[in-house]
Amino acid sequence: MRTTLSIIKADVGSIGGHIAPSQRLVDTVTRRIARDGENLLSDFFVGHTGDDIAILMVHHRGVGDVEIHRLAWETFLAGAQTAKDQGLYGAGQDLLANSFSGNVKGAGPAVAEMEFEERPNEPFLMFLADKTEPGAFNLPLYLAFADPMNTAGLLLSPEITKGFRFRIQDVNYVEGDRVIELDAPEDLYGIAALLRDNDRFVVESIRSRHDGDIAAVVSTQRLHNIAGKYTGKDDPVMLVRVQKNFPATGEILAPFATAHFVGGFMRGSHIGPLMPVKQGTGCSYFDGPPIISCWAFCVHEGRLTEPLDPFDHPFWDTVRHQAAEKAIDIRRQGFSGAAMLPYSELEYGGIVKILESLESRFQIVQREEFAAV
Ligand code: F6R
Ligand code: MG
Ligand code: MG
C-alpha cells in the first residue's frame, strides 16, 4: 500500500508571548481536522512544540496534493480565529498569504511530505523544532546517514552500507528550488562543505541507495523569503523512516545528544544549543533555548499507532542539563561575536537604524604620517 505522510506546521498564536498554544487552540485544530479530513485522511495526529502546532496527516493522495494542503490551510485559519477570539499573542502570524492558492508551501506554514510503499511494519519519527531554522537538522542528518562513528549500521547492515543520497537546497535562492544531489560516502566532503552553512544549505530529503526509497524529509521554507522580511524563525519539521533499510531509531536520535549550537533563540537572532525536550514543551529561558521534540510511530495500512516520546527517558535529562549549561554559558557574552547571528540573519531590523544614526558621527582622522606627505 502506498502511503503519504504530510506534516504541515504553523505558529498561529500562543499564550504569554511566544511560549505555547492554548488548549482551546489545539482542540480547535484537532476537531477541525477530524471533521473536514474524514474523507481525505486515513489518520492524523496533532502535536505541538514551543509556539508551533503541527498536523501530521496520513493519506493516499501523494505529496503536494491540493486538497490536503487546503485542508491544512483552512484548519490553521480556524485555529487562528480561535487564537484571535482568545486574544492569544501572534494570532495567525505564520499565515502569510491572503488566500489559498493550491499549496501551503510559500504561504507561511512549514511542510515536509513523503510517499512510500508501506513495509509490513513501518516505524518512523516525527521531529518538531522551535526557535531555530531548517539547517538545525544538517548536522544530525549528516551524522545519522553518513558517519559510521555515529551509525554503526553503515558498517554492519547490508541494506545500508550502500549509503544514502542527500538532496540539499540552497535556501537563499528565491526564484525556485536550487538543489543538488550528493551521494554518501563518495561525496562526503562536498556534503560536509555545504552542510557546514546552516543558514544557506539545508538537507531537503535523503534516499536509500539500496533501493532508492525515501528515508527523510525536512521543511526548507524560509519565512523571510516569503514575506520579504523576517517574521520569525522557520521552526522546522522533519520525518524520518527508521530500521532495516534505514538507520535505527537510536542512530537517528544519538546526534541530538550533542545539543549542538544552532541559529534562533531570542528574537531569532542568537546562537543557542538545541535542547531535546519532552513532547509539548514550551519555551522559557531567553525565549528558548532552541528545542527539538520527537514522536515515534508505526503506520500500518494508513493507520497510526499511538505515539511514544523517545526524549522522555532518563538519558536525555543529562543532555538537557548539559544543554542548559551551554545556553547559560553562551548567554554570558550577550551580543558579542559568536553569540549572535550574522547581520544578514538577524530577525529584527532595529539595529539598522542604530547604525544609520551613527553614520554622520564617524570622522576620518588622518594619520600624521599621511598628513605629512
Ligand atoms: C523568536 C521568537 C521570540 C520573539 C520575541 C519578541 O522566533 O519567537 O524570541 O522574537 O519574543 O517577540 P515580538 O517581536 O513579537 O515582541
Ligand atoms: Mg512565534
Ligand atoms: Mg515557533
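Just follow the structure's listing: the first ligand is 1, and inside any ligand the first atom is 1. Everything quoted here is computed from the prediction, not taken from an experiment.
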Could you tell me, atom by atom, which parts of ligand 1 come under 4.0 Å of a heavy atom of Y89? 13 (P), 15 (O), 16 (O)
State whether a side-chain donor-acceptor pair under 3.5 Å links H59 with S6. yes
Regarding T249 and Q243, do their side chains bring together a donor and an acceptor under 3.5 Å, going by distance alone? yes
Everything protein-side that's N, O or S and under 2.8 Å from the Mg ion (ligand 2): list it, residue and atom. D11 OD2, H18 ND1, D51 OD2
Applying side-chain contact (heavy atoms from CB on, under 4.5 Å), can you list everything that pairs with E251, at least two apart in sequence or on another chain? N150, T151, A152, P247, A248
Taking NZ, NE, NH1 and NH2 as the nitrogens, is one of them in D317 or R320 under 4.0 Å from a carboxylate oxygen of the other? yes
Flag the pair D183 and R165 as a salt bridge only when some basic side-chain nitrogen lies within less than 4.0 angstrom of an acidic carboxylate oxygen. yes
Under 4.0 Å, heavy atoms only, figure out whether ligand 1 is touched by the backbone of R267, its side chain, both or neither. both
ILVMFWY cluster, I252 and F137 together (side-chain gap under 4.5 Å): yes
From T220, D199, N138, V202, residue fulfilling side-chain contact (heavy atoms from CB on, under 4.5 Å) relative to E133: D199
Using the rule salt bridge (charged side-chain N to carboxylate O under 4.0 Å, His left out), only one of D11, D51, D287, D235 pairs with K131; which is it? D51
Distance-only N or O hit between ligand 1 and D51, under 3.5 Å: no
Please determine whether any non-hydrogen atom of G268 lies less than 4.0 Å from an atom of ligand 1. yes
